[in-house]
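A, B, ... follow the sequence lines: proteins, then strands. Residue 1 opens every chain.
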Amino acid sequence: MRDDDTGRRVGRIVEVEAYIGADDRASHARFGRTARTAPMFGPPGHAYVYLVYGMYDCLNIVTEPDGRPAAILVRAVEPLEGVETMRAARAALHAARRRARPASANGTRIAPRPLPDHRLASGPGLVAAAFGIDTGWTGTDLCRPGSPLRLEAAPPGESAPDVRSTPRIGIAYAGSPWTERPWRLVIAGHRSASGPATLR
DNA sequence: AGTTGGATGGTCT
DNA sequence: GACCATCCAACTG
């Protein structure tokens, strides 16, 4: 959840990916400890946020003890509270993208279908956009009570979700066996998971 | 419903 | 100078 004067935003993490160790050829840590990846080397429970494709920020949770590079990429979140704040935060991104692309050849533009609440944060770049997270959040303690950005336990009594594992997304460059490692974890069939409906 | 190409800038060789 | 832990509009069928 994000809990500060920008508006309280709460969501349930429904999809993550694990990047573990310097030998993981899909991990940023494959280059060793650099200025960018230093946060991955610990301490655990803190945020590692990076910019990808020049436009999208991605939120990671550092996992292993100090000195060992590992993190969990938060790929999708089910919005629970602060939906309007998330929508507004995403609007800025939308506007920027629309500016970047010229109108179609005949000049018409089809109005995009309104985005349903459950799809507001269904992708790693969208999670960061909806929660207003950028690289400046790197190092934030996500486990400290009262932190403006933090993890909370699931509500007590909530039944354990049906979690499925698949290969990780967008890492073809890593090669075998890293491309096949089943280190993407999703709540089975969840409508807020990333990707087209047919792949959820 | 599935595919394609472009935006965009930090990071690493 | 090449690549990229992405996303969406605009295509095709």
[X], nearest nucleotide to its side chain (from [options]):
X: L126(A); options: dA5(C), dT6(C), dC8(C); value: dC8(C)
X: M55(A); options: dT13(B), dT11(B), dA7(B); value: dA7(B)
X: M40(A); options: dC4(C), dA5(C), dC12(B); value: dA5(C)
X: C58(A); options: dC8(C), dA7(B), dT6(C); value: dT6(C)
X: L51(A); options: dA5(C), dC12(B), dG10(B); value: dG10(B)
X: Y56(A); options: dA5(C), dT6(C), dG10(B); value: dT6(C)
X: P124(A); options: dA5(C), dC7(C), dC12(B); value: dC7(C)

[X] side chain vs [Y] backbone, donor-acceptor pair below 3.5 Å:
X: R119(A); Y: R191(A); result: yes
X: E15(A); Y: S194(A); result: yes
X: R87(A); Y: L115(A); result: yes

Any donor-acceptor pair, under 3.5 Å, between the side chain of Y50(A) and the base of dA5(C), if you only look at N and O atoms?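 Side chain to base: pair present.
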Would you classify [X] as touching base, sugar-phosphate or nothing, given that sugar-phosphate means primed atoms plus P, OP1 and OP2, and contacts are heavy atoms under 4.0 Å?
X: R168(A); answer: nothing
X: T34(A); answer: sugar-phosphate
X: L73(A); answer: base

Residue from R68(A), E64(A), H46(A), H28(A) passing side chain to side chain contact (heavy atoms under 4.5 Å, CB included) with M40(A):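 Going through R68(A), E64(A), H46(A), H28(A) one by one, the side chain to side chain contact (heavy atoms under 4.5 Å, CB included) with M40(A) is satisfied by H28(A) alone.
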Tell me the interatomic distance from [X], atom [atom1], to [N], atom [atom2], rounded to whole angstroms.
X: L59(A); N: dT6(C); atom1: CG; atom2: C1'; result: 15 Å
X: R30(A); N: dC3(C); atom1: CZ; atom2: P; result: 12 Å
X: H28(A); N: dT6(C); atom1: NE2; atom2: C1'; result: 12 Å
X: Y173(A); N: dT11(B); atom1: OH; atom2: P; result: 15 Å
X: L115(A); N: dA9(C); atom1: CG; atom2: C1'; result: 15 Å
X: R119(A); N: dC7(C); atom1: CZ; atom2: C1'; result: 12 Å
X: R36(A); N: dG9(B); atom1: CZ; atom2: P; result: 16 Å
X: E15(A); N: dT6(C); atom1: CD; atom2: P; result: 10 Å

Going by heavy atoms in the side chains, are V49(A) and D134(A) under 4.5 Å from each other?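 They are not in contact (no side-chain heavy atoms under 4.5 Å apart), so the answer is no.
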Both distances below 3.5 Å, Watson-Crick or wobble geometry, any strand: find the nucleotide opposite dC4(C).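 dG9(B) is the nucleotide pairing with dC4(C).
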Give none if dG2(B) has no partner; otherwise give the nucleotide forming a Watson-Crick or G-U wobble pair with it, both distances under 3.5 Å.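 Paired with dG2(B), as far as the under-3.5 Å criterion goes, is dC11(C).
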Does dG9(B) have Y53(A) stacked on its base, where the ring centres are within less than 5.5 Å and the planes differ by under 30°?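 No; centroid distance or tilt outside limits.
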Note: D162(A)-R164(A) ion pair, threshold 4.0 Å (strictly below):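 Here D162(A) does not pair with R164(A) in a salt bridge, since their nearest N and O are not under 4.0 Å apart.
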Does OP1 or OP2 of dC7(C) have a side-chain N or O of R90(A) closer than 4.0 Å?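 R90(A) to dC7(C) OP1/OP2: no side-chain N or O under 4.0 Å.
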